[in-house]
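All remarks here apply to the structure that follows.
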Amino acid sequence: MLFWDLTCQLILLTNSLPYLLARAHRSVHGELDAALRQEELPVEHWRVLRALESGEGLTMSELSQIVLMTMSALSKVVDRMTTRSLVHRKQDMGDQRRVLVYISDFGLELLARCESHLSPVQASLESRLDPDDAAQLNGLLRKLNGQ
């Protein structure tokens with residue numbers, strides 16, 4: 001009976017939406033990590049660079065919302081990225097109390113190099129779904145995220 005109970009629990013778990021989303025996240029994150037490892041860039045650092053690539057500075061609060069990190073974790077990441085000269089902090093000229101984070105030229109160069117490693121990941125993801133399914137999945141994920 002124990003084997004049957006475990007099998008039923010496994011089936012219930014693997015058919016639940018939260019589990020499937022977590023499993024998809026883990027799979028995609030692993031692929032991104034492998035691709036970015038070629039440039040010695042963690043996925044979280046890549047997300048920060050992508051958020052800053054427009055050249056517009058962001059506050060730590062704005063950045064934390066965009067890159068899905070706590071302020072504490074983001075602060076450590078930005079410190080490491082500053083040490084690597086990927087980003088820099090600058091006082092906001094409009095409000096001296098605020099500090100903005102900007103991408104550096106070196107950060108932009110690294111981000112451009114990363115794109116060549118990430119293109120195959122994007123292509124691999126797209127190849128698993130036909131265009132209509134990919135568009136539908138995109139819409140459904142946005143809906144789940146309240147967008």
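Here the straight-line distance linking atom CH2 of Trp46 with atom CE of Met81 works out to 12.0 Å at 0.5 Å rounding.
Leu36 approaches Cys114 most closely through the heavy-atom pair CD2-SG, 3.7 Å. When all heavy atoms of Met60 and Ser75 are compared, the closest pair comes out as CE-CA, 3.5 Å. Taking both residues in full, the closest heavy atoms of Ser85 and Ser104 are given as O-OG, 2.5 Å, listed atom of the first, atom of the second, then distance.
The side chain to side chain donor-acceptor pair (under 3.5 Å) test applied to Thr59 returns Glu62, not counting sequence neighbours. Applying the salt bridge (Lys or Arg N to Asp or Glu O under 4.0 Å) rule to Arg128 yields the partners Glu31; only residues at least two apart in sequence or on another chain are considered. Contacts of Arg37 classified as side chain to side chain donor-acceptor pair (under 3.5 Å), with partners at least two apart in sequence or in another chain: Asp33. By the side-chain contact (heavy atoms from CB on, under 4.5 Å) test, Arg23 pairs with Tyr19, sequence neighbours left out. Taking the side chain to side chain donor-acceptor pair (under 3.5 Å) definition, one finds that Glu109 meets it with nothing, sequence neighbours left out. For Arg80, the salt bridge (Lys or Arg N to Asp or Glu O under 4.0 Å) criterion is met by no residue, not counting sequence neighbours. For Ser127, there are no side-chain contact (heavy atoms from CB on, under 4.5 Å) partners at least two apart in sequence or on another chain. In this structure Asp130 satisfies the salt bridge (Lys or Arg N to Asp or Glu O under 4.0 Å) test with no other residue, sequence neighbours excluded. Applying the salt bridge (Lys or Arg N to Asp or Glu O under 4.0 Å) rule to Glu56 yields no partners; only residues at least two apart in sequence or on another chain are considered. Partners of Tyr102 according to the ring-ring contact (aromatic ring centres under 6.0 Å, His included) rule, which considers only residues two or more places apart in sequence or in another chain, are His88. Take Val28 and apply the side-chain contact (heavy atoms from CB on, under 4.5 Å) test, not counting sequence neighbours, and it matches Leu32, Leu125.
A distance-only check finds no donor-acceptor pair linking the side chain of Ser116 to the backbone of Ala112 [under 3.5 Å]. A donor-acceptor contact shorter than 3.5 Å links the side chain of Thr82 to the backbone of Val78. Formation of a donor-acceptor pair under 3.5 Å by the Arg89 side chain with backbone atoms of Leu100 is not found in this model. A donor-acceptor pair is defined here as one N or O able to donate and one able to accept, closer than 3.5 Å; no such pair exists between the side chain of Asn138 and the backbone of Ala134. Side-chain N or O atoms of Gln91 include one that pairs as donor or acceptor with a backbone N or O of Gln96 at under 3.5 Å.
Using a 4.5 Å heavy-atom cutoff, the side chains of Val99 and Lys90 are not in contact. The shortest side-chain heavy-atom distance between Glu44 and His29 falls under the 4.5 Å cut-off. Within the 4.5 Å cutoff, no side-chain heavy atoms of Gln38 are placed close to those of Arg113. The shortest side-chain heavy-atom distance between Leu141 and Leu21 falls under the 4.5 Å cut-off. The closest side-chain heavy-atom distance from Leu110 to Arg84 is below 4.5 Å.
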Trace of the side chain to side chain contact (heavy atoms under 4.5 Å, CB included) decision for Leu52 with Leu111:
CA-CA 10 Å; Leu52 296 171; Leu111 189 58; over 6 Å; no
For a side chain to side chain contact (heavy atoms under 4.5 Å, CB included) check, start with the C-alpha distance between Arg50 and His45, then their side-chain angles and the critical distance, and finish with the verdict.
CA-CA 9 Å; Arg50 285 298 304 262; His45 295 205; over 6 Å; no
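One hydrophobic cluster holds both Leu17 and Leu129 under the rule that ILVMFWY side chains link at heavy-atom gaps under 4.5 Å.
More than 12 heavy atoms of other residues, nucleotides or ligands lie within 6.0 Å of CG in Asp95, so this atom counts as buried by the packing criterion.
The residue from Leu58, Leu49, Leu86 that alone fulfils the side chain to side chain contact (heavy atoms under 4.5 Å, CB included) condition with Ile103 is Leu49.
Sorted by first and then second residue, the side-chain hydrogen bond (donor to acceptor under 3.5 Å, both in side chains) pairs with a member in residues 63-74 form an empty list; sequence neighbours excluded.
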